[in-house]
Amino acid sequence: TELISGKRSTLKTIRERSNSAIIETLLYVKRMGRKTLGTLLIIFGVCMLCSPLFIAENSAPIFIAKTFVTICRISIKKFV
């Protein structure tokens with residue numbers, strides 16, 4: 001950026017910019033991690049709530065897998 005703007009940057013300003021970029025990146029990763037974890041916990045909770053209804057059947061694992069896939073598809077569409 002210093003070449004485009006025509007300004008000379010000192011070593012101190014370059015370090016400050018790189019440090020702020022690293023901090024912003026870490027904060028972004030933290031926010032996205034929380035959102036992802038929350039979504040996964042919601043999916044897991046829904047599967048756990050629905051599973052007692054179908055445990056007596058032989059097709060319980062298939063139902064849980066289908067429920068998980070469906071909820072994943074819904075949550076992906078929600079975020080995209």
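Positions are given from 1, in the same order as the sequence printed here.
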OG1 on T70 to CD1 on I43, rounded to 0.5 Å:
10.5 Å
Nearest 0.5 Å, what's the NZ-CG distance between K35 and L37?
13.5 Å
State the CZ-CG distance between R15 and N19, to the nearest 0.5 angstrom.
9.0 Å
